[in-house]
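Structure record follows, encoded as structure tokens.
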Amino acid sequence: MFNLILFGPPGSGKGTQSEKIIESYKLEHISTGDLLRDEVSRQTPLGVEAKKYMDQGLLVPDEVVIGMISGKIDEKSEARGFVFDGFPRTKAQAEALDKLLEFKNTQIHLLLSLEVPEQELVKRLLGRGATSGRSDDNEEVIAKRIKEYHSKTEPVAGHYNGYGKLERIKGDGTIEDTFKLLSKEIDKYLLPA
Ligand code: B4P
């Protein structure tokens, strides 16, 4: 099994690149953002609770997100590996993920961190907001999401850097350029299927 974390600030291309990676390497995709938006659209109790945080640009509480992930990993126990997209977003989530994977006799092999200037992040998210209908893609909430990233999420990169698993990738080129840079790193562990 090969397990990858695709990391970076909001709008850095995690969701966009995850789609390409899972297609090319035949990995399973776990996006906590997608899972949460699905709960919100079905108006489940979890979704109603999560929406309060998401609409303010805040992270959803750790226990909610961790509970959601565990079941998803179990559902795909035969997978070639996982791409974790937008998770872990706090040090507590990273520690919980490490424990979950250890319990399944596997681990995180690599964290690829997409580096994109803030101006470009805002431009991309406002661009998406114009068509997506996402209630968190507006100027005020984007600023809060970026602030939340710096204070709570950036330490996750330090956590995996401590194990020598962090690689920083330039993420402000075209979608194809970025995918090539990411693939070069993944190929050191796993070839496209
Ligand atoms: P996410 O769904 O993870 O959303 P995101 O970080 O904003 O998006 P992403 O980074 O995947 O978007 P992409 O750049 O691909 O989270 C949303 C919210 O859910 C969070 O704020 C939080 O409240 C909650 N949440 C999720 N996970 C959580 C967790 N683990 N713990 C707690 N809370 C959690 O795309 C952005 C745009 O850029 C797109 O329009 C795309 O087309 C464009 N783009 C991408 N690459 C480009 C490129 N190279 N050039 C030009 N445009 C590009």
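Start at 1 and go down the list; that is how both ligands and their atoms are numbered. The first residue of the sequence shown is numbered 1, and numbering continues consecutively from there.
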(message) Testing the 3.5 Å rule here: is there a donor-acceptor pair between the side chains of Gln43 and Lys51?
(response) no
(message) Checking a contact table here: which protein heavy atom is nearest atom 49 (N) of ligand 1, and how many Å away?
(response) Gly173 O, 3.0 Å
(request) With sequence neighbours excluded, tell me which residues meet side chain to side chain donor-acceptor pair (under 3.5 Å) with Gln17. (result) none
(message) What protein heavy atom lies closest to atom 36 (C) of ligand 1? Include the residue and the distance to one decimal.
(response) Arg128 NH1, 3.4 Å
(request) Could you tell me whether Lys123 approaches ligand 1 through its side chain, its backbone, both or neither, with non-hydrogen atoms closer than 4.0 Å? (result) neither
(request) Could you name each residue pair satisfying ring-ring contact (aromatic ring centres under 6.0 Å, His included) that touches residues 11-59, not counting sequence neighbours? (result) none
(message) In the structure I gave you, are the side-chain heavy atoms of Phe7 and Thr153 within less than 4.5 Å of one another anywhere?
(response) yes
(request) Kindly check if the number of other-residue, nucleotide or ligand heavy atoms within 6.0 Å of NZ (Lys165) is above 12? (result) yes
(message) To the closest 0.5 Å, what do you measure between CZ (Arg168) and CG (Leu166)?
(response) 5.0 Å
(request) Select one of side chain, backbone, both or neither to describe which atoms of Asp177 lie under 4.0 Å from any atom of ligand 1, heavy atoms only. (result) neither
(message) Below 30° counts as parallel, above 60° as perpendicular, anything between as tilted: where do the rings of Tyr163 and His159 land?
(response) perpendicular
(message) Whether Lys99 and Glu102 form a salt bridge (side-chain N of Lys/Arg under 4.0 Å from carboxylate O of Asp/Glu) is what I want to check.
(response) no
(request) Check Arg37 against ligand 1 and report side chain, backbone, both or neither, counting heavy atoms closer than 4.0 Å. (result) side chain
(message) Within the 4.0 Å heavy-atom shell around Leu58, which atoms of ligand 1 are there?
(response) 22 (C), 23 (O)
(message) Would Phe87 count as a contact residue for ligand 1, given that I'm defining contact as a non-hydrogen atom of the residue lying under 4.0 Å from a ligand atom?
(response) yes
(request) Considering only non-hydrogen protein atoms, determine which one is nearest to atom 43 (C) of ligand 1 and report residue, atom name and distance to 0.1 Å. (result) Arg124 CD, 4.1 Å
(message) At less than 4.0 angstrom from any non-hydrogen atom of Arg89, what atoms of ligand 1 do you find?
(response) 1 (P), 3 (O), 6 (O), 16 (O), 20 (C), 26 (C), 27 (N), 28 (C), 29 (C), 30 (N), 31 (N), 34 (C)
(message) Using a 4.0 Å cutoff against the non-hydrogen atoms of Pro10, which atoms of ligand 1 qualify?
(response) 6 (O), 7 (O)
(request) Classify the contact between Arg145 and ligand 1 as side chain, backbone, both or neither, using a heavy-atom distance cut-off of under 4.0 Å. (result) side chain
(request) For ligand 1, indicate whether the residue Gln93 contacts it via side chain, backbone, both or neither (heavy-atom separation under 4.0 Å). (result) side chain
(message) Can you tell me which portion of Ile175 lies within the under-4.0 Å heavy-atom range of ligand 1? Options are side chain, backbone, both, or neither.
(response) both
(request) Starting from atom 14 (O) of ligand 1, locate the nearest protein heavy atom and write down its residue, its atom name and how far away it is, to 0.1 Å. (result) Gly13 N, 2.5 Å
(message) Under 4.0 Å, heavy-atom basis, I'd like to know which part of Thr90 is in contact with ligand 1: side chain, backbone, both or neither.
(response) neither
(request) Below 4.0 angstrom from a heavy atom of Thr174, which ligand 1 atoms are there? Numbered from 1 as shown, please. (result) 49 (N)
(message) When you compare the side chains of Glu185 and Ser183, does any donor N or O come within less than 3.5 Å of an acceptor on the partner?
(response) no
(message) By the definition side chain to side chain contact (heavy atoms under 4.5 Å, CB included), identify the one residue from Leu4, Asp187, Leu6 that meets it with Leu182.
(response) Leu6
